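Convention: sequence-line order gives letters A, B, ...; per-chain numbering from 1. All of these numbers come straight from a predicted model, not from anything done at the bench.
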There are 2 protein chains.
Amino acid sequence: MSTERITRKQREHLQHRSEILQTAMDLFARDGFHNVTMQAIAEASEFSVGTLYNFFRNKDDLYRALLSENVAQFHSGLQNALDAPGSETEKLRNWLTAKIRLFRENIAFVRLYYSETMGASFNVKAGLNREMLAKYEDSLAQLERLFAGGIRRKVFKNLDTRYLALALDGISNTILFDHLEKFEDREIDADVMLSLLFETVLIK
Amino acid sequence: MSTERITRKQREHLQHRSEILQTAMDLFARDGFHNVTMQAIAEASEFSVGTLYNFFRNKDDLYRALLSENVAQFHSGLQNALDAPGSETEKLRNWLTAKIRLFRENIAFVRLYYSETMGASFNVKAGLNREMLAKYEDSLAQLERLFAGGIRRKVFKNLDTRYLALALDGISNTILFDHLEKFEDREIDADVMLSLLFETVLIK
DNA sequence: TAAAAATTTGAATATACGTTCAATAATTGA
DNA sequence: TCAATTATTGAACGTATATTCAAATTTTTA
């Protein structure tokens, strides 16, 4: 898009901003929004409290930015995986592989995301939850279209696409959480997850 | 066990206690721990702040009691379903039916539970998270034994029982959340969820 | 029925924390 | 080199809220 030149100043500013956000993310994921003070974020990111307020209007704003930007990144990571060419089966494998990678790369965000969306959320009032929910629905809709395509081409059985999308999402969630919870570093294979659903899905 | 007589006083005390807890649950599930004040719980439960402190040492203690007691109830609900006699398939259906009922009956608790266990939790310090995790592991272990039994009796394919348990849990979670999120009141059928996994599992 | 015991009340207290902003430091440009 | 501009600092302030406890109310006992 834009080919504007970015000054070193601006580059550094962005760098500092994202350092603050990443530091805050780790703290929030470990202790929860209300148990992390601006003081703590300042100390951990090696800035002063005042400086945080030059980057973000207030604590809510910081938190919102953090969630919003990571949701966007997560969502586009999944989207790209589905956009790559290939058969329905290959696309599903790509999608799962991308999801595995995204979970591993940013488990702190994943924790935050699920605790915000599943349950009580300080963001109900703000539009953030709506935004996150919309992206989730979009993801599901894309999966549904994929399954529908497979059904049309007669490689998948004619099952409810909504349930298929939910099932795939659910299977991958629990298995990924189980692995990451245990700090298991052995590779998680997309095919293991796919296989749990596939004999139900594939036409032999 | 105990056949001791319980006085009206004691009965009322327990009644009041559980009214407070249920009221608090709804508030916590809607707004999150830190956005619910003791004042708000007092008003909603029609007691004064001071009285809350006669029932619970402090706010943390109230919250802990609330989660702990509901986790226990949830857990034993699932356990009982598996203890009923029947084939592996029937037991799985019982388990799912019980889970559906428990979700519907106490969606507030379910929200709280998942946002506490998935993500950042104020309770990491206290032993509550450990307690909840232990009960979850126990549930999974029971499911695994069930699958293992089916495999031994040659009604199920010889698949990794851990993954099967996780998959069933994951499928039911996403589908249940999807339904309850949308306030859909049409019945959720255990068989729909089972069928998503079963063609993978059953030996034809 | 009245004293004693138990329970409830909510105003007062203490504290923790988000936010501000005047002072200081660092950077830039002439 | 030295103004001028920009960025950083953290002590001070105000507010929100968890907790306490003396007084008021209700219940029990004799």
**Q** Looking at D/dT19, D/dT9, C/dG10, which one has an atom nearest to any side-chain atom of B/Ser48?
**A**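 In terms of side-chain proximity for B/Ser48, the closest of D/dT19, D/dT9, C/dG10 is C/dG10.
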**Q** Provide, to the nearest angstrom, the distance between the NE2 atom belonging to B/His34 and the C1' atom belonging to C/dA16.
**A**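 Distance, rounded to whole Å: 12 Å.
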**Q** Evaluate the side-chain hydrogen bond (donor to acceptor under 3.5 Å, both in side chains) criterion for residues B/Tyr163 and B/Glu144: first the C-alpha distance (whole Å), next the side-chain angles of each, then the deciding distance (0.1 Å), finally the verdict.
**A** CA-CA 9 Å; B/Tyr163 283 128; B/Glu144 281 197 60; over 6 Å; no
**Q** Would you mind telling me which of D/dT19, C/dG18, D/dG10 lies closest to the side-chain atoms of A/Val49?
**A** D/dG10
**Q** If you check every side-chain atom of B/His16, which of D/dT19, C/dT28, C/dT8 has the closest atom?
**A** C/dT8
**Q** Figure out the CG/P separation between A/Asn54 and C/dA25, and round it to whole Å.
**A**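 Rounding to the nearest Å, CG of A/Asn54 and P of C/dA25 are 17 Å apart.
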**Q** Let me know the distance between NZ of B/Lys59 and P of C/dA16, rounded to the nearest Å.
**A**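 Distance check: B/Lys59 NZ to C/dA16 P gives 15 Å.
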**Q** Could you state the OH-P distance from A/Tyr53 to D/dG10, rounded to the nearest angstrom?
**A**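 Those two atoms, OH and P, are 15 Å apart.
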**Q** Roughly how far, to the nearest 0.5 Å, is CG of B/Asp178 from CG of A/Leu166?
**A** 4.5 Å
**Q** Can you figure out which of D/dT17, C/dG18, C/dT8 approaches the side chain of B/Thr37 most closely?
**A** D/dT17
**Q** Over how many whole Å does the gap from B/Glu43 atom CD to C/dG10 atom C1' extend?
**A**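 Result: 11 Å.
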**Q** What's A/Asn58 touching, base or sugar-phosphate or nothing? Going by heavy atoms closer than 4.0 Å.
**A** sugar-phosphate
**Q** Would you mind telling me which residue lines up with the more 5' stretch of DNA chain C, A/Val36 or A/Gly50, judged by nearest nucleotide?
**A** A/Val36
**Q** Quick check for you: to the nearest 0.5 Å, what is the distance between A/Arg64 atom CZ and A/Lys59 atom NZ?
**A** 12.5 Å
**Q** Checking contacts here: which listed nucleotide (C/dT9, D/dA18, C/dT28) is nearest the side-chain heavy atoms of A/Arg8?
**A** C/dT28
**Q** Whole angstroms only, please: what is the CG-P distance between B/Leu27 and D/dT17?
**A** 14 Å
**Q** Whole angstroms only, please: what is the CD-C1' distance between A/Gln39 and D/dT9?
**A** 11 Å
**Q** Salt bridge or not between A/Lys91 and A/Asp83? Use side-chain N to carboxylate O under 4.0 Å.
**A** no
**Q** Examine B/Lys157 relative to B/Phe147 and say whether NZ or CZ is less than 6.0 Å from the centre of the six-membered ring and inside a 45° cone about the ring axis.
**A** no
**Q** Would you kindly compare B/Thr51 and B/Lys9 by the position of their nearest DNA chain D nucleotide and give the one closer to the 5′ end?
**A** B/Thr51
**Q** Whole Å only: how far is the CZ atom of A/Phe33 from the P atom of C/dG18?
**A** 8 Å
